[in-house]
Undergrad: 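Once you've had a glance at the structure underneath, I'll fire off some questions.
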Amino acid sequence: MSKIRIGIVGVGLIGITHLKNYAQIEHAEVVAVCDINEQAVRHVADQFQIKDIYTDFREMLKRADIDAIDVCLHNNFHAPVTIEALEAGKHVYCEKPIAGTYYDGNTMLETAKACNKMLHIQLNTLYKKETKAAKVLIEEGSLGKLYHARSTGFRRRGRPFVDGYGTKFFNRKETAAGGALLDMGVYHIAQMLYLLDLPKVKSVSGKVYQEMDMDEARRIESEFDVEELGVGFIRFEGGATLDLIEAWSIHMGGFEGSSMMGSKGGIRLPSYSTISQTGALSFHTTMADMDMDSTVNLDDMELRWGRLKADYDAYSSSQHHWIAALQGRVPLLPTAEIALQTMLISEGVYLSDRLGREVTAGEIIAYSESTNVKL
């Protein structure tokens, strides 16, 4: 198969992570990188042996030999770059979240459809072994009717910049639009939506907090104005519900992993923190009038399915899946649609907090506005 030729916009922490991942994919070739910081883009190009560099992404979009653009920028830059890339005839892979607001994310998705191009959002939890196992258990009926899910994400003190990790631009609504929900929560909420088969949101109730102490000099420098903790309760059409808690910083020793409850069984996923993953996928049911709790050997599952299932490698990571879909080997998972509904939920929590009440999906959409940064 011919290689997929890629141009990357943004060579910060995320851009470098994507470059390292592409280096492990046989049929991916990064042919150009772009960043407004010329010194940084030259350094990264040298590091990864990439010939062509740009400081204006529009110049890169003029190249007919680039198949896809990878957008590795802060949240409020996602939509403007993605839309121009799609309109230039490029497929687009975009870092999570889909955008800064539902309005901008929906515009991205509608543009992709109008241009007949693929739009893929980086949602790495969809490709984890435990997600694959949970999806199979659900699809073969082991959980019965799904009626409730719980989305959790934990950091003890892991706020970007003020706690010593990442840049100050994660902490500003001006560039990031939100905090813990848009940085971490997108992964865990999207995972639950995927396992629930993407139900339609009916209403959202939620609250966000910024209460813990932080280094005052870094608070001032970063202009920290986003949430460190977000909580919410979501009702879906059809009756299912979801509750969520997402912490950048909290005085707790940890959270249990996300979970799903069904009429015949339940699943608990491992707990995800900043630097580690703890626990195993567990399955809970009743057999012969006895309550049964079991764990899944995910390593053996992955080894066996990798040997037996065609194109299983196409689901080993978000970027492996992207390249395989561009090659036509597998259909693209609906990550843009999942990411858009994830944004609807997150923005619903913000709106509910602001209004002090539960809000409907229609209200969230009506209130949503563009937070694009003009380029």
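Hydrogens, waters and symmetry mates play no part in the numbers below; they use all other heavy atoms, side chains included.
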Undergrad: Donor-acceptor check, side chain of Ser346 to backbone of Thr342, threshold 3.5 angstrom: yes or no?
TA: yes
Undergrad: Charged N to carboxylate O below 4.0 Å: is that the case for Arg219 and Glu216?
TA: yes
Undergrad: Any side-chain donor-acceptor pair under 3.5 Å between His284 and Asp291?
TA: no
Undergrad: Which pair of non-hydrogen atoms, one from Glu174 and one from Val373, has the smallest distance, and what is that distance?
TA: O-CG2, 3.7 Å
Undergrad: Between Ser370 and Asp104, do the side chains contain a donor N or O and an acceptor N or O under 3.5 Å apart?
TA: yes
Undergrad: For the residue pair Thr371 and Asn76, confirm or rule out a side-chain donor-acceptor distance under 3.5 Å.
TA: yes
Undergrad: Does any part of the side chain of Val44, heavy atoms only, come nearer than 4.5 Å to the side chain of Ile16, both counted from C-beta?
TA: yes
Undergrad: Would you mind reporting whether Ile338 and Ile121 have side-chain heavy atoms less than 4.5 Å apart?
TA: no
Undergrad: Inspect the surroundings of CD in Glu110 and state if more than 12 heavy atoms from other residues, nucleotides or ligands are less than 6.0 Å away.
TA: yes
Undergrad: Assess whether atom NZ of Lys117 is packed by more than 12 heavy atoms of other residues, nucleotides or ligands within 6.0 Å.
TA: yes
Undergrad: Look at Arg329 together with Asp313 and state whether they make a salt bridge at an N to O cut-off of under 4.0 Å.
TA: yes
Undergrad: State, yes or no, whether a side-chain contact exists between Trp322 and Met118 at a heavy-atom distance under 4.5 Å.
TA: yes
Undergrad: Please check if the side chain of Thr111 supplies one atom and the backbone of Thr107 the other of a donor-acceptor pair under 3.5 Å.
TA: yes
Undergrad: Report the distance from atom OG of Ser258 to atom OH of Tyr187, rounding to the nearest 0.5 Å.
TA: 14.5 Å
Undergrad: Quick one: does NZ or CZ of Lys132 land under 6.0 Å from the six-membered ring centre of Tyr127, within 45 degrees of the ring axis?
TA: no
Undergrad: What is the distance from atom CG of Asp70 to atom CD1 of Ile8, rounded to the nearest 0.5 Å?
TA: 4.5 Å
Undergrad: Considering all heavy atoms of both residues, which atom of Ser259 and which atom of Leu269 are nearest to each other, and what is their separation?
TA: N-CD1, 4.5 Å
Undergrad: Is any side-chain heavy atom of His321 closer than 4.5 Å to one of Leu332?
TA: yes
Undergrad: Just wondering, more than 12 heavy atoms not from Tyr367 lying within 6.0 Å of its OH?
TA: no
Undergrad: Without swapping roles, check the side chain of Asn171 against the backbone of Pro160 for a donor-acceptor pair under 3.5 Å.
TA: yes
Undergrad: In plain terms, say whether Lys129 and Asp300 are close enough for a salt bridge, that is, a side-chain N and a carboxylate O under 4.0 Å apart.
TA: no
Undergrad: If you count heavy atoms of other groups shown closer than 6.0 angstrom to CG of Leu198, is the number above 12?
TA: yes
Undergrad: Taking atom NZ of Lys145 as the centre, does the number of heavy atoms from other residues, nucleotides or ligands within less than 6.0 Å exceed 12?
TA: no
Undergrad: Within the side chain of Asp215, is there an N or O that forms a donor-acceptor pair under 3.5 Å with the backbone of Ala217?
TA: yes
Undergrad: Give a yes or no on whether Lys264 atom NZ has more than 12 heavy-atom contacts from other residues, nucleotides or ligands under 6.0 Å away.
TA: no
Undergrad: Check whether any side-chain heavy atom of Val81 sits under 4.5 Å from a side-chain heavy atom of Val92, and report yes or no.
TA: no
Undergrad: Is Ile250 close to Arg156 at the side-chain level, that is, under 4.5 Å between some pair of heavy atoms?
TA: no
Undergrad: Do NZ/NE/NH1/NH2 and the carboxylate oxygens of Arg159 and Glu228 come within less than 4.0 Å?
TA: yes
Undergrad: Got a donor-acceptor contact below 3.5 angstrom from the Glu227 side chain to the Ala180 backbone?
TA: yes
Undergrad: Could you check whether Glu95 and His18, counting side-chain N and O atoms only, form a donor-acceptor pair closer than 3.5 Å?
TA: yes
Undergrad: For the residue pair Leu146 and Ile138, establish whether any side-chain heavy-atom pair is separated by less than 4.5 Å.
TA: yes
Undergrad: Please determine whether a side-chain nitrogen of the Lys or Arg among Arg5 and Asp67 lies less than 4.0 Å from a carboxylate oxygen of the Asp or Glu.
TA: no
Undergrad: Where do Glu223 and Lys168 land on the salt bridge (Lys or Arg N to Asp or Glu O under 4.0 Å) test, with the steps shown first?
TA: CA-CA 8 Å; Glu223 301 175 17; Lys168 56 192 175 186; over 6 Å; no
Undergrad: Looking only at heavy atoms, what is the nearest atom pair of Ala79 and Asn372, with distance?
TA: CB-OD1, 3.2 Å
Undergrad: For Tyr315, does the OH atom have more than 12 heavy-atom neighbours from other residues, nucleotides or ligands under 6.0 Å away?
TA: yes
Undergrad: Taking the basic N atoms (NZ, or NE/NH1/NH2) and the acidic carboxylate oxygens, is any pair closer than 4.0 Å for Glu363 and Arg357?
TA: yes
Undergrad: Show your working on side-chain contact (heavy atoms from CB on, under 4.5 Å) between Glu256 and Arg268 and close with a plain yes or no.
TA: CA-CA 8 Å; Glu256 291 182 336; Arg268 174 164 290 132; 3.0 Å; yes
Undergrad: Is Asp225 salt-bridged to Lys173, going by a charged N under 4.0 Å from an acidic O?
TA: no
Undergrad: Could you tell me whether a side-chain N or O of Ser151 sits under 3.5 Å from a main-chain N or O of Leu244, the two making a donor and an acceptor?
TA: no
Undergrad: Under 4.0 Å between a side-chain nitrogen and a carboxylate oxygen: does that hold for Arg63 and Asp52?
TA: yes
Undergrad: Under the ring-ring contact (aromatic ring centres under 6.0 Å, His included) test, which residues partner His320, sequence neighbours left out?
TA: none
Undergrad: On the 0 to 90° scale, with breaks at 30° and 60°, tag the His74-Phe169 ring pair as parallel, tilted or perpendicular.
TA: tilted
Undergrad: Can you see whether Ser318 engages Gln122 through a side-chain donor-acceptor pair at a distance of less than 3.5 angstrom?
TA: no
Undergrad: Should the heavy atoms of other residues, nucleotides or ligands under 6.0 Å from CG of Asp65 be counted, would the total exceed 12?
TA: yes
Undergrad: Would Glu358 and Arg235 pass as an ion pair if we require N to O under 4.0 Å?
TA: yes
Undergrad: If a pair satisfies side-chain hydrogen bond (donor to acceptor under 3.5 Å, both in side chains) and one of its residues is in residues 25-39, list it, with sequence neighbours excluded.
TA: Glu38-Arg42
Undergrad: When you check the gap from the basic side-chain N to the acidic O, do Asp163 and Arg157 get nearer than 4.0 Å?
TA: no
Undergrad: Quick test of your reading: applying side-chain hydrogen bond (donor to acceptor under 3.5 Å, both in side chains), list the pairs with at least one residue in residues 78-92, sequence neighbours left out, ordered by first then second residue.
TA: Arg58-Glu84
Undergrad: Examine Arg218 relative to Phe161 and say whether NZ or CZ is less than 6.0 Å from the centre of the six-membered ring and inside a 45° cone about the ring axis.
TA: yes
Undergrad: To the closest 0.5 Å, what do you measure between CZ (Phe57) and CG (Leu73)?
TA: 8.5 Å
Undergrad: Compare every heavy atom of Cys72 with every heavy atom of Ile14, then report the nearest pair and how far apart it is.
TA: CG2-CB, 4.0 Å
Undergrad: Might you point out which heavy atoms bring Ala336 and Leu109 nearest each other, and give the distance in Å?
TA: CB-CD1, 3.6 Å
Undergrad: Would you call the rings of His120 and Tyr93 parallel, tilted or perpendicular if under 30° counts as parallel and over 60° as perpendicular?
TA: parallel
Undergrad: Are the side chains of Val226 and Trp248 in touch, meaning some heavy atoms are under 4.5 Å apart?
TA: yes
Undergrad: For a quick test of reading the model, state the closest non-hydrogen atom pair linking Ala28 to Ile6 and the distance between them.
TA: CB-CD1, 4.0 Å
Undergrad: I'd like to know if the side chain of Thr125 reaches the main chain of His188, judged simply by a donor and an acceptor atom lying under 3.5 Å from each other, with no hydrogens or angles considered.
TA: no
Undergrad: Using the side-chain contact (heavy atoms from CB on, under 4.5 Å) rule, take Met260 and Leu196 through it: C-alpha gap first, then chi angles, then the decisive distance, then the call.
TA: CA-CA 9 Å; Met260 307 199 73; Leu196 288 167; 3.4 Å; yes
Undergrad: Shared ILVMFWY cluster between Phe233 and Tyr350, side chains joined below 4.5 angstrom?
TA: no
Undergrad: Rounded to the nearest 0.5 Å, how far apart are OG1 of Thr360 and NZ of Lys202?
TA: 10.5 Å
Undergrad: With no hydrogens and no angle check, just 3.5 Å: does a side-chain donor-acceptor pair link Glu302 and Tyr312?
TA: yes
